[in-house]
Amino acid sequence: MIAHVVIWPILLPLVSAIVLMFFWNQSKVQRYITVAGHGISLLASFWLALRTYSGDIITLNSGSWPAPYGIVFVADALSGTLVLLASLAAFCVSLFSVVSIGTGRASFGFFPILQFLLMGLNGSFLAGDIFNLYVWFEVIIISSFVLITLGSERAQLEGAIKYVTMNLLASIIFLTGIAILYGLLGSLNLADLSVKIAQSDDKGLINTAAILLLVGFGIKSAIFPMYFWLPASYHTPPAAVSAIFGGLLTKVGVYALIRVFSLLFIDDPFIRSTFIVLAVSSMIIGAMGALVQQNIRKIFSFLIISHIGFMIAGLGMFSTLAVIGMVFYLFHDIIVKTNAFMISGLIFKLRGSFRLENLGGLYNRYPYLSIMFALAMFSLVGTPPLSGFWPKLFLLKASFNELNWWIIGGIIAASFLTLIAVIKIWLSVFWRKHPNYVEAKKRIVWYDLPKIQKFTILLPIAILTVVSLYIGLNAAKIVEICQLIAEQITQPSLYIDAVLSNPENQP
Amino acid sequence: MNTIILKTASKYLLPLLLLFSIFVLLRGHYLPGGGFVGGLIAAIAFVLHAFANGLPHTQRLMRIHPGFLMPFGLAISAVSGMFPMLLNQPFMTGVWKKDPVPVIGSLGSALFFDIGVYLVVIGASLTILFTISETR
Amino acid sequence: MDSAVEKLPILFLCILLYIIVLAIPSVRKNGLRSKLSPLIPIGAFLFFLLGFDGNKQTAVLWSHDLLPTQLSFTIDGLGRLFALLITGIGSLIFIYANGYMKGAKYTQRLQSFLLLFMLAMLGVVLSDDLIMLFIFWELTSVSSFFLIGFKNEDEASRKSALQAISITGLGGLVMLGGFIILGEIAGTYAISEMHNPETIATITSHAWFTPMLIFILLGAFTKSAQFPFHFWLPGAMKAPTPVSAYLHSATMVKAGVYLLARFSPILGDTPVWTIALISFGGVTMIYAAFQALFRTDMKSILAYTTVSALGIMVFLLGMQSSDAIAAVSLFILVHALYKAAFFMLAGTIDHETGTRDISKLSGLKTAMMPLFVIGILAAWSNGGVPPSVGFLGKDLIYESTLAYPGLNYLLTGVSVGTNIMLFAAGLLVGWMPFRGKKISHKNLQLPAPSLWVPAAVLAVLGMLFGLFPSLINDSLINPVANSISGQPEDIHLKLWHGLNTVLYLSLLTMGLGFLTYLVIRPGAGMLGFIESAERFGPRRILHGISHGFIGLSDWITKILQNGKLRIYLLVILGFLVLILGYVVLAETTFTIDIDMLTNITIYEVIIVGILFISVFLTLFSGSRLAAVAAMGVVGYTLCIIFVFYSAPDLAMTQFTIDTLTVILFVLVLYRLPRFIRLDFSPRHILDGLVAIAVGALMTIISLEVLQRMPEREISDYYALNAYVLAKGKNVVNVILVDFRGADTMIEIVVLSIAAIGVYSLLKLRLRKNEKME
Amino acid sequence: MEILLAITIGLLYAAGIFLILRRSMVRLIIGLILLGNGANLLIFLLGRISKGKPPIIPEDSKVFLDAYADPIPQALILTAIVISFGLQAYAIILVKRAYRVVKTDDIEEMITTDEI
């Protein structure tokens with residue numbers, strides 16, 4: 001049977017985007033189509049993810065060309081889950097943006113590009129071919145460029161210059177790595193490359209390609225010392241855009257690192273220890289950055305950097321336990337960071353500012369909202385038994401098994417600093433009395449919104465909070481999935497067999 | 001002075017270049033060319049026309065905003081890619097008409113795909129260039 | 001079996017349910033839901049009182065083979081005593097809180113947080129699994145954060161909540177590290193499975209034992225406010241009094257003590273344990289007792305005496321002798337009884353008079369006789385005056401210090417000193433506000449019973465247990481001692497031991513304590529003195545450290561995130577050069593075999609020459625137009641190279657694209673300013689070095705790669721099938737539209753997005769209300 | 001010739017990097033374009049080069065009769081060129097717009113978003 005299911009999470013957003021482009025100026029119609037489109041994509045992704053949880057690695061040879069000759073799309077449990085989470089996050093952000101994005105941006109392509117972005121994300125997760133992955137990356141970066149500058153505010157443009165430059169540099173470095181791999185091995189298919197790399201005795205040159213991919217993906221995933229573009233730009237666009245960026249963009253980089261360094265470049269002690277050094281530095285430096293920021297979105301931005309470190313640490317250790325911790329953290333982080341940025345957007349709607357010194361008084365005014373915020377925030381911190389706690393537990397166990405003090409120390413320190421940063425937000429935004437409420441009231445749009453719009457803004461935050469609660473409280477289920485992923489990732493032969501020995505290869 | 005020459009030249013150049021671009025598009029499967037190059041040549045044709053006659057003139061000539069070529073092109077490419085899925089073939093599988101057609105050669109989904117590419121390339125490059133010229 | 005421990009989840013669910021019931025919004029203040037809330041802890045108290053004897057019961061209720069944790073509970077003597085304290089004192093506190101919060105806002109909120117806290121505490125003391133214990137442990141930190149910061153609009157409240165969660169949070173995380181090491185070493189996360197001698201031997205002989213123990217101790221010490229982390233506890237007195245009475249006398253702060261007691265049979269018999277507990281406990285108890293004497297705020301005095309009492313418990317747990325274990329088992333109970341009574345007393349006085357400052361209070365005796373009695377009884381027990389239960393406790397403490405080998409004089413001296421000061425402090429709270437002249441300007445009267453009856457119950461119990469120690473000896477205290485020591489203990493509490501050293505020491509304590517009380521004149525002067533001494537105290541030091549760390553973070557962040565794109569790029573590229581250079585130097589061979597390469601013709605040299613010149617022009621031209629033109633020429637020369645080397649499609653595409661790019665540039669440059677002319681500077685050298693390094697690496701790598709035999713398997717497949725299967729003869733085009741058609745599909749998407757981006761960048765003008773969304 | 005091309009690649013990378021480290025946004029874009037050219041040429045070179053053998057199957061044949069240049073790198077570069085055209089066009093316009101709004105071409109004056 002041909003597994004069309006693999007391609008639907010890519011095609012559905014494409015179709016929605018094309019339809020949206022036909023309704024270019026009708027921003028009202030666009031809003032309905034967007035939500036419907038993301039809803040359908042979410043269902044398709046859910047179906048795909050369920051299929052991958054049976055343990056099969058599902059592949060689809062596009063154009064019927066057998067692997068490694070054609071472009072193959074592959075869904076293993078990792079890809080399946082990421083596609084599901086990306087679609088979920090995008091669905092929530094689309095709900096959020098339906099109300100929060102005004103006619104101006106909406107009639108200049110916001111919604112189609114949101115769909116394209118989701119298409120790019122899903123495509124990256126499903127690509128089984130390294131050049132195809134590159135092209136998907138380009139879809140992601142160009143959509144993110146457009147989204148980040150849409151509106152052309154001064155801050156947006158300033159941030160975008162840095163964002164664009166460093167991301168283009170990353171793409172070029174990635175492309176350079178591909179050139180070397182193709183020059184050496186004559187192949188682009190990931191599974192085929194894996195086989196050929198294992199047979200090759202050219203470790204030195206293959207490692208140069210590995211380093212180039214490490215740096216290219218490292219920039220995209222904002223690892224220390226390559227993260228500078230992130231805090232310079234993530235707080236500049238509308239909150240809906242920050243949310244999808246904060247939740248997913250860096251994670252694609254992490255996914256690419258995981259894929260490439262589990263399938264292609266497997267046992268290189270130098271690279272593994274490089275990962276560990278970078279991971280621990282990212283954890284600490286990112287958290288220190290978060291500690292001193294005054295803008296909520298910048299706090300979250302630096303926390304992204306810090307928390308990427310947790311995942312990279314897992315990649316550096318690469319034991320089964322570490323992989324479980326890493327992918328669990330990845331899943332948790334997508335949900336929680338998307339939610340965090342949406343929450344910051346809601347705070348902006350409620351109080352008219354992103355800066356701590358202009359905020360306050362939410363706890364007494366909106367106690368139930370505050371509790372929801374608190375749950376989301378404590379998940380972010382990793383307070384047990386919420387979602388962030390379990391992956392840390394596995395990472396700590398893994399680092400004990402490796403007798404690696406650095407990672408243990410890093411995780412503890414970064415978790416603590418995250419706690420402090422989040423408490424800082426809580427104290428000034430929620431607990432403190434609003435310092436200049438009368439003046440701020442003029443900027444607050446919340447009061448003028450009709451009830452249905454308020455509900456539409458709150459709904460996605462509630463959905464993600466519930467999902468993160470579910471992840472935390474039903475950790476056993478998630479760990480089962482992570483265990484399956486860890487098995488698939490630590491045994492590249494499974495992936496290779498699924499791709500290269502696919503019966504459809506012989507038409 | 002040279003605008004007059006250019007104006008006259010572009011009057012003939014535009015259809016000629018467009019024809020050439022279509023030729024490049026259709027023959028791309030056999031000779032160097034294809035949707036990309038074809039589209040780019042067509043775009044240059046319109047740009048030249050705009051240089052000579054002024055942008056509004058070219059835009060009137062085109063009737064629709066070039067931006068709308070993009071969803072059309074994307075739709076054609078996407079449909080030609082997804083069409084095989086109706087026949088339970090994987091995405092992008094080539095579907096071919098049995099007998100070859102004169103000039104073009106074999107007729108198949110790949111050609112429609114390339115036509116989509118052609119349209120998107122024209123649409124995108126013209127959108128970019130026209131927008132810039134409009135908002136100096 | 002259907003043992004009572006398996007019913008615990010039902011109890012927990014009931015509590016949770018009631019928390020939700022309380023959290024549902026209500027219009028009326030102090031509604032029925034608030035009034036009924038004491039029933040929950042009362043019910044739980046009865047459950048623990050009647051459902052269990054002191055024997056150990058363990059039940060695994062849920063487990064999963066992939067998770068390192070399981071839902072399992074143990075109830076033994078220790079757990080039961082704590083559960084009884086938590087629920088018993090909890091019941092009284094809830095009754096008290098109903099009176100205390102009467103008419104106040106957010107009563108239900110306070111009660112739901114208190115219940116949540118109670119739930120968490122029960123979880124801590126009943127969990128058998130390390131991770132589960134940690135989960136509940138953190139829940140106590142979190143819920144106490146909300147309770148301490150309950151008066152959230154008050155800055156001091158917020159600060160102390162932050163302080164509390166910072167210290168306990170850090171301690172908790174470090175403790176988690178310790179737990180994981182412990183669990184991994186022991187091979188199990190179930191505490192009850194660690195008790196057998198072999199496992200204990202494995203644990204204590206492991207290389208990571210000492211750091212693990214230190215981690216766990218840090219968790220316990222921070223939670224139980226041991227020196228130098230003690231200061232968060234006096235700070236936490238900003239909370240409403242029911243919270244202080246509950247969290248900071250009876251329950252949360254004892255979680256650390258509980259933890260130490262729980263691990264005492266496993267980790268206790270080691271030098272690190274003994275030294276750490278005795279020294280930290282000893283310092284804490286005497287330091288905090290001394291501090292207490294200088295305070296004027298009743299809650300502050302009580303907070304410091306609590307810290308001191310916690311120090312005593314830690315100290316006793318460090319000694320590990322039978323007497324010490326008996327002492328600590330009893331003291332946990334004793335302290336909870338009198339301290340909770342004290343706190344409620346202080347709260348009620350505050351509630352009625354509006355102040356807790358003992359230098360301003362006097363003569364309350366006439367108006368508040370029952371409170372006076374409570375104060376006397378609590379001070380009695382606190383001071384260890386016979387026949388109170390406090391006397392029994394103090395007796396045991398002295399007995400154990402006297403018997404401690406080697407250090408008996410020192411330890412006994414410290415204990416006596418501490419107890420003298422605690423005695424005085426007890427009188428300051430329990431006696432001083434009541435004696436002397438009545439404050440005239442207040443029309444005082446006896447408050448509602450809910451504000452004093454709960455305290456009275458506790459104070460009376462303190463006396464009752466002292467008179468009849470057999471009430472608690474076998475049912476409560478002995479099982480606790482068994483749990484702490486890990487083996488059967490035999491305790492006989494009695495009031496009269498005969499005339500011995502211990503009795504003399506007790507008499508000495510009382511006498512000197514009373515003298516101290518007489519000497520002390522609380523007031524601004526003494527407060528000022530101790531606050532200025534605090535400047536060198538641990539609070540200031542830890543504050544200094546945290547401020548220093550924030551300063552450091554600020555500095556590092558400003559250095560790294562400096563806003564200069566050039567620096568960012570230099571760091572990234574520098575990193576790339578370093579690791580790529582390392583790999584290239586260390587792992588490649590640098591052999592170039594000229595024979596494998598093709599010859600150079602003169603045309604090619606010319607073309608490449610033009611390319612070189614144009615590149616240099618782009619680099620150094622002062623004119624923007626020239627730079628762009630040169631860039632265009634670079635593109636065209638590439639185009640010619642493509643023509644030379646059999647890539648007609650590429651050449652055509654490169655040509656058209658290059659043309660369009662140049663057109664674009666020219667259109668845009670129209671309005672841009674001239675290049676900034678900058679003189680040659682050192683930054684050029686650095687940039688040049690990095691640039692050359694990258695360029696050189698690329699050259700070396702590409703030459704290296706060219707030495708390898710090319711793999712053509714996939715190209716050959718394309719070549720073979722391009723016409724046969726894909727019906728095309730231009731293989732490049734066939735690849736683009738068929739073999740790798742998916743790439744092309746995506747590529748036109750990229751192009752469309754870029755066009756949309758350009759369009760919106762140039763055309764979109766936001767309305768004012770859309771500026772920030 | 002390969003050596004010459006390898007050096008050219010090195011030069012393009014070096015020049016591109018030197019330019020993106022400058023303060024002018026225009027130079028930044030030119031630098032990125034040069035880097036893109038360098039990467040394309042790298043793919044081309046590492047796919048091995050050969051003269052006069054375009055990968056087009058002769059008129060009267062169904063397969064190649066002779067040696068032919070590897071078509072894959074060409075297809076990859078073609079894709080890469082078109083994609084970078086889109087990105088470059090966008091970047092150029094971004095520079096234009098940023099100049100309009102921020103009123104400077106100097107990148108080092110654009111540091112407000114990094115301030116705490």
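Here is the naming used below: chain letters follow the sequence lines, and residue numbers restart at 1 for every chain. What you are looking at is a predicted structure, and each value in this text was computed from that prediction instead of being measured. Hydrogens, waters and symmetry mates play no part in the numbers below; they use all other heavy atoms, side chains included.
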For the residue pair [X] and [Y], what are the closest heavy atoms and their distance?
X        : Y        : result
A:Leu291 : C:Ser553 : CD2-OG, 3.9 Å
C:Gly169 : A:Phe416 : C-CD1, 4.4 Å
A:Leu185 : C:Glu711 : O-CB, 3.2 Å
A:Ile71  : C:Ala742 : CD1-CB, 3.9 Å
A:Val139 : C:Val749 : CG1-CG1, 4.4 Å
A:Lys162 : C:Gly563 : NZ-O, 3.1 Å

Are the side chains of [X] and [Y] in touch, meaning some heavy atoms are under 4.5 Å apart?
X        : Y        : answer
C:Glu138 : A:Phe389 : no
C:Leu766 : A:Arg105 : yes
C:Tyr582 : A:Ile211 : no
C:Leu751 : A:Ile142 : no
C:Glu704 : A:Asp202 : no
C:Met745 : A:Leu14  : yes
A:Tyr363 : C:Arg109 : yes
A:Asn207 : C:Val584 : no

Please state whether the side chain, the backbone, both or neither of [X] comes within less than 4.5 Å of a heavy atom of chain C.
X        : answer
A:Asp129 : side chain
A:Ile285 : side chain
A:Leu427 : both
A:Ile18  : neither
A:Val215 : side chain
A:Leu417 : side chain

Please round to the nearest 0.5 Å and tell me the distance separating atom [atom1] of [X] and atom [atom2] of [Y].
X        : Y        : atom1 : atom2 : result
C:Arg740 : A:Trp65  : CZ    : CH2   : 13.5 Å
A:Ser399 : C:Glu184 : OG    : CD    : 9.5 Å
A:Thr208 : C:Ile579 : OG1   : CD1   : 11.0 Å
A:Met119 : C:Ile753 : CE    : CD1   : 8.0 Å

Audit row: C:Ile746, A:Asn132, side-chain contact (heavy atoms from CB on, under 4.5 Å) steps and yes/no: CA-CA 9 Å; C:Ile746 310 161; A:Asn132 196 241; 3.4 Å; yes
Report which part of [X] has an atom under 4.5 Å of a heavy atom belonging to chain A: side chain, backbone, both, or neither.
X        : value
C:Ile165 : both
C:Phe179 : neither
C:Val705 : both
C:Ser157 : neither
C:Met698 : side chain
C:Trp62  : side chain
C:Ile550 : both
C:Phe146 : both
C:Ser141 : neither
C:Lys558 : neither
C:Leu725 : both
C:Phe575 : side chain
C:Ser760 : both
C:Arg158 : both

Working note: C:Leu761 + A:Phe145, criterion side-chain contact (heavy atoms from CB on, under 4.5 Å); need CA distance, chi angles, decisive distance, verdict. CA-CA 10 Å; C:Leu761 256 183; A:Phe145 291 171; over 6 Å; no
Most heavy-atom pairs under 4.5 angstrom with chain C, which of [options]?
options                                : value
A:Ala475, A:Ala413, A:Pro225, A:Gly109 : A:Pro225
A:Gly63, A:Pro385, A:Gly409            : A:Pro385
A:Glu158, A:Lys433, A:Met288           : A:Met288
A:Phe430, A:Tyr134, A:Trp390           : A:Trp390
A:Gly70, A:Cys482, A:Pro231, A:Gly183  : A:Pro231
A:Pro384, A:Gly186, A:Gly361, A:Gly204 : A:Pro384

Determine yes or no for a side-chain-to-main-chain donor-acceptor pair under 3.5 angstrom, with A:Lys424 supplying the side chain and C:Leu162 the backbone. no
Are the side chain of A:Tyr368 and the backbone N or O of C:Ala23 linked by a donor-acceptor pair below 3.5 Å? yes
Going by side chain to side chain contact (heavy atoms under 4.5 Å, CB included), A:Leu396 matches just one of C:Ile181, C:Leu173, C:Ile180. Which one?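 It is C:Ile180, the one option of C:Ile181, C:Leu173, C:Ile180 that forms the side chain to side chain contact (heavy atoms under 4.5 Å, CB included) with A:Leu396.
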Are A:Trp431 and C:Phe145, when compared by the centres of their aromatic rings, separated by less than 6.0 Å? yes
Evaluate the criterion side-chain contact (heavy atoms from CB on, under 4.5 Å) for residue pair C:Arg708 and A:Leu205; output intermediate values, then yes/no. CA-CA 10 Å; C:Arg708 308 300 189 275; A:Leu205 281 174; 3.4 Å; yes
Parallel under 30°, tilted from 30 to 60°, perpendicular over 60°: which one fits the rings of C:Trp208 and A:Trp405? parallel
For A:Tyr69 and C:Glu713, run side-chain contact (heavy atoms from CB on, under 4.5 Å): C-alpha distance rounded to whole Å, both residues' side-chain angles, the deciding distance at 0.1 Å, then the answer. CA-CA 9 Å; A:Tyr69 307 111; C:Glu713 184 203 344; 3.1 Å; yes
